[in-house]
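Convention: sequence-line order gives letters A, B, ...; per-chain numbering from 1. Just so we're clear, the structure is a prediction, and the values are computed from it rather than from any experiment.
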Number of protein chains: 2
Amino acid sequence: MRLLLVEDTYDMAEAIMIRLERAGAACDLARTLEQARECVAVQRYDVIVLDINLPDGLGTDLLREMRARGERTPILMLTAEFSVDDRVSSLNWGADDYLVKPFDHRELEARVRALYRREAGEKSEEVALGRLRFNPGARTLRLDDEPLPLTRREISLLEVLVRNRGKVVSKERLFESIFSFEETDVGMNAVELYIARLRKKLGETGVRIATQRGLGYRLDIDG
Amino acid sequence: MRLLLVEDTYDMAEAIMIRLERAGAACDLARTLEQARECVAVQRYDVIVLDINLPDGLGTDLLREMRARGERTPILMLTAEFSVDDRVSSLNWGADDYLVKPFDHRELEARVRALYRREAGEKSEEVALGRLRFNPGARTLRLDDEPLPLTRREISLLEVLVRNRGKVVSKERLFESIFSFEETDVGMNAVELYIARLRKKLGETGVRIATQRGLGYRLDIDG
DNA sequence: GCAGGGGTGACAGCTTGATGACAGTTTCTC
DNA sequence: GAGAAACTGTCATCAAGCTGTCACCCCTGC
């Protein structure tokens, strides 16, 4: 999941970043509205977490601009205190959810995940893949009820492939979903590496990753 | 698709070229207005991507010249920052679209493709060819829902034939749509080769490539 | 039957992807 | 906090697939 966090206070931003990254998101941070605009122009995000109070304007401005352009990226607003005004105007302008600070981090994680899931139209959290069952929220994979341990990166990769199972996903797209701008010096070879590692772990489970030369990879399920 | 990119900054040009070429376009690069004029004089393009700020003038000058000559080649303008002036004058002078830098590369790809498609008057992205379905954007071909893998060149060739299905396309025209000036040392035999390879892959799918001796090739659909 | 364009198999060079080994880093455990 | 274990990403090497040339054959229309 590629995520943009727009939040100016250092401590808050840091805390949220750490949590979301641990939860497997490739997470970019913007400290100002201006930075956020640049990020949004260059990168497509799965979810945006947007603070309302920013040094150079209101988060709702960005929200409004994006919706005016027809961008439907799920956006979760953060508001410093419970303000009926903020809430009403946010939802009016097309925010998908909002959260009042201070909040429980697990709450934020759950809501972000819900937005991400809703975007893909998945109803339940767990996805059945032949003999495998994948739970992106809990970040677990099981083979016939037996846990099959994967690392953070492997799960991030698998998550994108599962969301697009049966369809080809380009290597660039996979890269963007796994690595944030901060990790931009990572080579494209890393994607190939994790594909290889995933393949090895998936083994003969009936789930395969097919290579489409020059186009990308596709997750196929036997039977 | 034969495309001209007019862009002076090296990195930007490089990045765009790589993307568009991977997307199957035969892509010429002009670093100056002067170079661009030469290209346009010599070669017919399907789409032109034109930066406004160039070392020896404004992209809008070229736009104006071409429109004055009655050339209707789809042109997408690139502008360094959001300037209402640029936008208004570009669209006034007959630009077909514009994009503000920085942008998401997929956005550029999608817009270029939209212009190309519009030029041919295609409404939807996917084209039905008997039992085959061809999606030039995703660059996929399917036979009864089964993917039929083609290589980059094969798809580029097929794309031109499909756009002109039922009509004869000259070998020179096919050559120009597949190879850019940089690949000009490639022999005309290469077109024949790819025709042969395409024929082999198409097999008995009801889509045939007929040879019109001395004139070119024509894509026919049975039934 | 002959001239010239077109078709095609074989091949060599190149690009892209796969993978083992390794070193730096983080995380876990005691 | 020290040591161990696991995770990450780079590099080098290997394998597979794509590309375009060549050579040679086959048609087709005179």
Going by an N to O cut-off under 4.0 Å, is there a salt bridge joining B/Arg37 and B/Glu34?
-> yes
Is any side-chain N or O of A/Thr151 closer than 4.0 Å to OP1 or OP2 of D/dA6?
-> no
Contacts of A/Lys201 and A/Ala190 projected onto DNA chain D by closest heavy atom; the upstream (5') one is A/Lys201
Integer-rounded Å distance: D/dC7 C1' and A/Ile178 CD1 = 14 Å
Separation of D/dT13 atom P from A/Leu193 atom CG, nearest Å, is 17 Å
Write down the distance between CD (A/Glu192) and P (D/dC14), rounded to a whole number of angstrom.
-> 17 Å
Atom pair distance, as rounded to whole Å: CG in B/Asn189 and P in D/dC25 = 16 Å
B/Leu198 CG to C/dT8 C1': how many Å, rounded?
-> 14 Å
Lys/Arg-Asp/Glu bridge criterion (N-O < 4.0 Å) met for A/Arg163, A/Glu119 = yes
Any ion pair linking B/Arg2 and B/Glu176 (charged N to carboxylate O, less than 4.0 Å)?
-> no
According to a strict under-4.0 Å criterion, is A/Lys200 in side-chain N/O contact with OP1 or OP2 of C/dG20?
-> yes
Integer-rounded Å distance: C/dG5 C1' and B/Met188 CE = 13 Å
Hey, what's the ring geometry for A/His105 with A/Phe103, parallel, tilted or perpendicular (30° and 60° as the breaks)?
-> perpendicular
May I have the distance from B/Arg197 (atom CZ) to D/dT21 (atom C1'), rounded to whole angstrom?
-> 11 Å
Any A/Arg153 side-chain N or O less than 4.0 Å from OP1/OP2 of D/dG9 | yes
Under 4.0 angstrom between A/Arg199 side-chain N/O and C/dA18 OP1 or OP2 | yes
Pair B/Glu122 + B/Arg113, salt bridge at N-O below 4.0 Å | no
Ignoring backbone atoms, establish whether B/Tyr217 has a side-chain N or O less than 4.0 Å from OP1 or OP2 of C/dG7.
-> yes
Taking C/dG17, C/dG5, D/dG20 as options, the one with an atom nearest any side-chain atom of A/Arg213 is C/dG17
Starting at atom CG of B/Leu157, determine the distance to atom C1' of D/dC18, rounded to an integer number of angstrom.
-> 15 Å
